[in-house]
Amino acid sequence: MTIVLHRFPLSHYSEKARAALDFKGLEYRIVEHRPGLEQLAIYRLSGQRRLPVIEHDGKVVADSTEIALYLERTFPDGRRLLPEEPSKRLEVLALEAQLDDTLGKFGPRVWLRHALRDEQYLDAMGAATSPLFGAGLRAMAAVLPLAEQQIGAIERRFDEAERTLRATLDDLCVRLEASKYLVGDEPSLADVAAVGLVHFFKFPPSKHLFRPEVAGAAVRSIAEHPDLAAFFDFRDRFYRDYLQ
């Protein structure tokens, strides 16, 4: 039975789950959802309102990590998301959890702060989506800097998010100096998580993008920062080698 992936198109957790499906070489189809009323259908399906969710062979699995672990158990042949060696396996799982807590949690805040200051990115997003969405981004671009200046708590939250995200990406660059992949010389769930969770900082040339026109659109202050080049170059290679 073909796997059905329910996702929000811009969700980095949804892209992490989709990347796991690609990495395992599985057939799947995507059902797009929008936040709001459509989450009632997600609740009826899975008992909660968040995406991603997959359906497979009568089973429903929610949460990007649980989806990856389900795929690993259910489809043990081919590429492995988790190493067989216990110490490496624990390291992969620990790093994946850390990435969820850092890139996953703080990535959207940093993306919002930097994307709204990048004219090229705003133009690309506006051209690829609806006029209403593009106008909304422009309105937020005008308001957010003023809000940060006026409300110190907002600025502090954005600063905290940026420090955490940069520290995580710096650590990933150091790891890639020492080995071919984030945990040793074989790809794993840690790599799948890392490349998927930075999805919106630089849209990959994937046939599964919500709009093909956004391929290559990048928040340049993050994705093209020279200190982070090692990671984003790795991310591009990983998509080319393992993902569609």
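Since this is a predicted model, take the numbers as computed values, not measurements.
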Do [X] and [Y] have side chains that approach each other closer than 4.5 Å (heavy atoms only, starting at C-beta)?
X    : Y    : result
V92  : L182 : no
T102 : L165 : no
H199 : L209 : yes
V183 : R89  : no
R166 : L228 : yes
V192 : Y242 : no
I54  : L71  : yes

Between atom [atom1] of [X] and atom [atom2] of [Y], what is the distance when rounded to the nearest 0.5 Å?
X    : Y    : atom1 : atom2 : answer
Q98  : L93  : CD    : CG    : 13.0 Å
L5   : E55  : CG    : CD    : 10.0 Å
L116 : Y121 : CG    : OH    : 9.5 Å
H12  : L197 : NE2   : CG    : 5.5 Å
L81  : K24  : CG    : NZ    : 5.0 Å

Of the non-hydrogen atoms in A218 and A223, which two are nearest, and what is the gap between them?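 Minimum heavy-atom contact is CB-CB, 4.1 Å.
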Could I get the full list of salt bridge (Lys or Arg N to Asp or Glu O under 4.0 Å) partners for [X], not counting sequence neighbours?
X    : value
D101 : none
D171 : R175
E85  : none
E84  : none

Say whether [X] and [Y] are linked into one hydrophobic cluster, either directly or through other cluster members, by side-chain heavy-atom distances under 4.5 angstrom.
X    : Y    : result
L176 : Y239 : yes
I67  : L99  : no
I222 : L10  : yes
F201 : Y13  : yes
L122 : V110 : yes

Applying side chain to side chain contact (heavy atoms under 4.5 Å, CB included), can you list everything that pairs with T65, at least two apart in sequence or on another chain? K16, D63, L69, E96, D100
Sequence neighbours excluded, which residues qualify as side chain to side chain contact (heavy atoms under 4.5 Å, CB included) partners of D22?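 Residues passing side chain to side chain contact (heavy atoms under 4.5 Å, CB included) with D22: R18, Y28, H208, L243, Q244.
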Please determine which of E32, Q39, R34, R50 meets the side-chain contact (heavy atoms from CB on, under 4.5 Å) test together with F8.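 Only one option passes, and that is Q39.
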Could you identify which residues cluster with V4, counting Ile, Leu, Val, Met, Phe, Trp and Tyr as linked when any side-chain heavy atoms lie under 4.5 Å apart, either directly or through a chain of such contacts?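 Noted: V4 shares its cluster with V31.
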Remaining members of F106's ILVMFWY cluster at a side-chain heavy-atom cut-off under 4.5 Å?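 Reading the cluster by chain and number, F106 sits alone, since nothing else belongs.
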Which pairs pass salt bridge (charged side-chain N to carboxylate O under 4.0 Å, His left out) with one or both residues in residues 180-194, sequence neighbours excluded?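 Applying salt bridge (charged side-chain N to carboxylate O under 4.0 Å, His left out) to every pair that reaches into residues 180-194, excluding sequence neighbours, yields nothing.
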Please enumerate all residues that pass ring-ring contact (aromatic ring centres under 6.0 Å, His included) together with F234, with sequence neighbours excluded.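 Applying ring-ring contact (aromatic ring centres under 6.0 Å, His included) to F234 gives F238.
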Which residues pass the ring-ring contact (aromatic ring centres under 6.0 Å, His included) test with F75, sequence neighbours left out? H56
Among residues two or more places apart or on two chains, list those pairs meeting side chain to side chain donor-acceptor pair (under 3.5 Å) that have a residue in residues 215-232. H114-S221, D118-R220
Testing F203, F158, F200 for ring pair (Phe, Tyr, Trp, His ring centres under 6.0 Å) with W111, which one passes?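 Passing option: F200.
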Polar side-chain atom of R235 near backbone of K202 as donor-acceptor pair, under 3.5 Å: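 Flag set: sc R235 to bb K202 pair under 3.5 Å.
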